[in-house]
Amino acid sequence: MLAEIRIDSLGVISEASAQFHEGLTVLTGETGAGKTMVVTSLHLLSGARADAGRVRLGASRAVVEGRFVTDLSPTSEREIARILESSGAERDEDGSIIAVRTVGSDGRSRAHLGGRSVPAGVLSEFTDPLLTVHGQNDQLRLLRPDQQRNALDRFGDKTIGTLLTRYRKHRREWLDARSELIERTSKARELAQEADQLTFALNEIDGVAPEPGEDATIVAEVRRLSDLDSLRSAAEEAHAALAGSDDMASADVGVSPALDLMSEARARIESVVDADLDGLGARLADAIAVVTDVAGDLNSYLAGLPSDPGALNTLLSRQSELKTLTRKYAADVDGVLEWADTARTRLSKLDVSSDALGLLSKQVEETAALTAEAATKLSAARVKAAAKLSKAVSAELAGLAMGRAGLDVSVRQQIASPQDSAPLSVGGVEVHAGSGGVDEVEFRLSAHSGAPSLPISKSASGGELSRVMLALEVVLAGSDTGATMVFDEVDAGVGGRAAVEIGRRLAKLARTHQVIVVTHLPQVAAFADTHLVVDKVDDKGGVVSSGVRTLSDSDRVVELARMLAGLDDTETGRAHAEELLEIANAARVTD
């Protein structure tokens, strides 16, 4: 849930902070005080697009900081842990997580999560299971068919979710096989030519049979063989200087090898008795051992030098073969081998023989049948869930002063259009197979029993649409993944008894979720567990500043009285406010 928020220089809010608790929290205040800025700040923490126009006049940037406490399902907690780990974010000592969004006056924005700079998309991933924001624009999204289908799928998630995953898997396999068959059939001649070219190239590469890194190894070996005489001469002379040679033994020269001279020096030192000379003798023994090892290594090096005079020519010939490949296919041998692997994979898909096309056509038929079967089961599950959702939402609408209204959730197949690129046959009917299934879902509202149901886009007023959305949220509360729900003026366009019922439903929703509501209705605000008010102050320069404060019980009475047509300074208004609070408290007990 959201535990705390801090806002700097956002809209009319110069600096404000607020703590949130479980249950229902309402935000109230005069028009223009900045209530909606709190919702805007939560949109920013959700990764929404930043708007430089929201930065307070005269400020260089706006900053929103939220502290979240997670207490979700094991699946959601694992997802949160994955996001934190992948971004390098860390929890605070108390286990909470800090999210920050900064918006500059130049339009640039930055996001931070758990002390780490992250893309805004990561904030969206993080807050997705934690926060659901319903602004006034979000209510309009309910009019879209895809959002209505998503709401139905959320309601029946335990069954529909599994079936939708299976449908998408089979659909992907069907579309892939179908695309491959179309490509092979329509481009048979081009693919055959490409197959011949790839076959020739692979035969050429296989004929040379290069080894990984072979070109670099040959370059080093060629360089070595080119300097063979000088290498051999240097090694032989070094070996002779250390240990002597047959030529030196037979020659009448006065030069002794280093080992002989060091051995003689050691013998002379050890022939006398002296403590200081004994130490030098030991050091000479170590030096003789080192020189002996070096002489042995030089001898091995000489033995390992090529003695075949044609070795260099052989290497140069092999190098020429490899260069032929690297000129055609890649910059080096490793690149040639990688190109060959890719070419083999591509070649395996270029078989345009009748047998290959027949097998692929059979695969298309089989995967289409599996997709159609999955789509049928998904549609059946949606139809079943739609009946339950219609009944549940209609019951909620009855409690929202829409007692005669009813919501009908219609599920029907989406018939493929003549321009459909991939129609699917389901039950003998050509339908559009979208990523979400073959169904169209439509919410239809009937004004009263016996009245025709019409799409909510045509039949619902602004206030009715708000109540339909709230009824949906109450019904979906058990399946919703958001721990915190935010509503911005969900009570717009309603009043009287309907407003009281909206307050009751929000309080009911707050039993299982943290609910934050921006409202202008005292009937709704009376049901709050925590009441925050956004105050505005006009300074001498005419600049408006706003802040957020938590109201005490006595302050709530004053604020509710103000909301009752500005009656905060009258005894009648305060009495009415106290009565509202009593009604709300009594309703909580009876619900």
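What you see is a predicted model, and the numbers here were worked out from it, not measured in a lab. Computation of the quantities below employed the complete heavy-atom set of this structure, encompassing side-chain atoms and omitting hydrogens, waters and symmetry-equivalent molecules.
Remark: Asn150 pairs with no residue by the side chain to side chain donor-acceptor pair (under 3.5 Å) rule, at least two apart or across chains. In terms of the side chain to side chain donor-acceptor pair (under 3.5 Å) criterion, residue partners of Ser96 (sequence neighbours excluded) are, by chain and number, Asp94. Checked against side chain to side chain donor-acceptor pair (under 3.5 Å), His432 has the following partners two or more places apart in sequence or in another chain: Asp420. With sequence neighbours left out, Glu579 forms a side chain to side chain donor-acceptor pair (under 3.5 Å) with no residue at all. Residues satisfying the salt bridge (Lys or Arg N to Asp or Glu O under 4.0 Å) test with Asp529, not counting sequence neighbours, are Arg588. For the salt bridge (Lys or Arg N to Asp or Glu O under 4.0 Å) test, residues two or more places apart in sequence or in another chain that qualify with Glu440 are Arg412.
Put simply, the side chain of Arg67 never gets that close to the backbone of Glu4: no donor and acceptor are under 3.5 Å apart. Formation of a donor-acceptor pair under 3.5 Å by the Gln514 side chain with backbone atoms of His21 is found in this model. Counting only distance, with no hydrogens or angles, the side chain of Thr162 and the backbone of Thr159 share no donor-acceptor pair below 3.5 Å. At distances below 3.5 Å, not a single donor-acceptor pair connects side-chain atoms of Glu65 with backbone N or O atoms of Arg6. Looking only at distances, a side-chain donor or acceptor of Thr371 sits under 3.5 Å from a matching main-chain atom of His170. Not a single donor-acceptor pair under 3.5 Å links the side chain of Asp128 to the backbone N or O of Ser124. No donor-acceptor pair closer than 3.5 Å links the side chain of Ser46 to the backbone N or O of Ala48. Side-chain atoms of Arg556 come within 3.5 Å of backbone N or O of Ala525 as a donor-acceptor pair.
Using a 4.5 Å heavy-atom threshold, the side chains of Ile456 and Leu143 count as touching. Taking 4.5 Å as the limit, every side-chain heavy atom of Gln148 sits out of range of all side-chain heavy atoms of Leu472. Residues Arg549 and Asp555 have side chains in contact (heavy-atom distance under 4.5 Å, counting atoms from C-beta outward). At a threshold of 4.5 Å between non-hydrogen side-chain atoms, the residues Asp51 and Val103 do not count as touching. Contact check for Phe487 versus Val518: no side-chain heavy atoms found under the 4.5 Å cut-off. The side-chain heavy atoms of Phe155 and Val475, taken from C-beta on, include a pair separated by under 4.5 Å. You'll find the side chain of Asp8 reaches within 4.5 Å of the side chain of Glu15, heavy atoms only. Side-chain contact between Phe20 and Met1: absent, with no pair of heavy atoms (C-beta onward) separated by less than 4.5 Å.
Using a 4.0 Å cut-off between charged nitrogen and carboxylate oxygen, Glu173 and Lys169 count as a salt-bridge pair. A salt bridge links Arg562 and Glu559; the closest N-O separation between the charged side-chain nitrogens and carboxylate oxygens is under 4.0 Å.
Pairs engaging residues 115-125 under the salt bridge (charged side-chain N to carboxylate O under 4.0 Å, His left out) rule: Arg82-Glu125 [sequence neighbours left out]. The ring pair (Phe, Tyr, Trp, His ring centres under 6.0 Å) analysis of residues 66-87, with sequence neighbours excluded, yields the pairs Phe68-Phe126. Listed by first then second residue, pairs satisfying ring pair (Phe, Tyr, Trp, His ring centres under 6.0 Å) with a partner in residues 368-417 number zero, not counting sequence neighbours. For the ring pair (Phe, Tyr, Trp, His ring centres under 6.0 Å) condition, no pair includes a residue of residues 94-122, sequence neighbours left out.
The minimum heavy-atom distance linking Ser87 with Leu113 is given by the pair OG-CD2, 4.3 Å. Taking all atoms of both residues into account, the shortest heavy-atom contact from Gly434 to Arg171 is O-NE, 3.3 Å. The two residues Ala368 and Leu424 have their closest heavy-atom pair at O-CD1, 3.7 Å. The shortest non-hydrogen separation linking Pro423 to Ala416 is CB-CB, 3.8 Å. Shortest non-hydrogen contact noted between Leu152 and Val441 is CD2-CG2, 3.9 Å. Contact record, Ala526 with Leu580: CB-O, 3.9 Å, taken as the closest heavy-atom pair.
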Which pairs would a plain distance check flag for residues 377-386, meaning a side-chain donor or acceptor within less than 3.5 Å of a matching protein atom at least two apart in sequence or in another chain?
unit_1 : atom_1 : unit_2 : atom_2 : d
Ser379 : OG     : Ala375 : O      : 3.0
Ser379 : OG     : Asp439 : OD1    : 2.6
Ser379 : OG     : Asp439 : OD2    : 3.1
Arg382 : NE     : Asp153 : OD1    : 3.0
Arg382 : NH1    : Gly436 : O      : 2.9
Arg382 : NH1    : Asp439 : OD2    : 2.9
Arg382 : NH2    : Asp153 : OD2    : 2.9
Arg382 : NH2    : Gly436 : O      : 2.7

Output side-chain donor-acceptor pairs under 3.5 Å for residues 394-401, partner residues at least two apart or in another chain, one line each.
unit_1 : atom_1 : unit_2 : atom_2 : d
Ser394 : OG     : Ser390 : O      : 2.7
Ser394 : OG     : Leu407 : N      : 2.9
Ser394 : OG     : Leu407 : O      : 3.4
Glu396 : OE1    : Arg505 : NE     : 2.5
Glu396 : OE2    : Lys508 : NZ     : 3.4

Exercise. With side-chain contact (heavy atoms from CB on, under 4.5 Å) as the test, would you mind laying out the steps for Ser9 and Arg61 before giving the verdict?
Key: CA-CA 7 Å; Ser9 303; Arg61 62 178 184 172; over 6 Å; no
Quiz item: Run the side-chain contact (heavy atoms from CB on, under 4.5 Å) check on Thr550 and Gln19 step by step: do they pass?
Solution: CA-CA 8 Å; Thr550 304; Gln19 292 185 342; over 6 Å; no
Practice problem: Apply the test side-chain contact (heavy atoms from CB on, under 4.5 Å) to residues Leu130 and Ile80: give CA-CA distance (whole Å), side-chain angles for both, the deciding distance (0.1 Å), then the verdict. | Solution: CA-CA 9 Å; Leu130 294 171; Ile80 292 292; 4.2 Å; yes
Practice problem: Decide side-chain contact (heavy atoms from CB on, under 4.5 Å) for Val486 and Val38; before the verdict, give the C-alpha distance in whole Å, the side-chain angles of both, and the deciding distance to 0.1 Å. | Solution: CA-CA 10 Å; Val486 182; Val38 177; over 6 Å; no
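How far OG1 of Thr367 is from CG of Asp176: 9.0 Å, rounded to the nearest 0.5 Å. In this structure, OG1 on Thr40 lies 7.5 Å from CG on Asp488, to the nearest 0.5 angstrom. Atom OG1 in Thr530 sits 10.0 Å away from atom CD in Glu22 (nearest 0.5 Å). A distance of 6.0 Å separates CD1 of Ile516 from OG1 of Thr25, quoted to the nearest 0.5 Å. With rounding to the nearest 0.5 Å, the separation of CG in Leu84 from CZ in Arg91 is 6.0 Å. Atom CZ in Arg56 sits 12.5 Å away from atom CD1 in Ile7 (nearest 0.5 Å).
Within a 6.0 Å radius of CD in Gln147, more than 12 heavy atoms belonging to other residues, nucleotides or ligands are found. Residue-environment remark: CG (Asp106) exceeds the threshold of 12 foreign heavy atoms within 6.0 Å.
Between Met37 and the choices Leu10, Val548, Val64, the side chain to side chain contact (heavy atoms under 4.5 Å, CB included) rule is met once, by Leu10.
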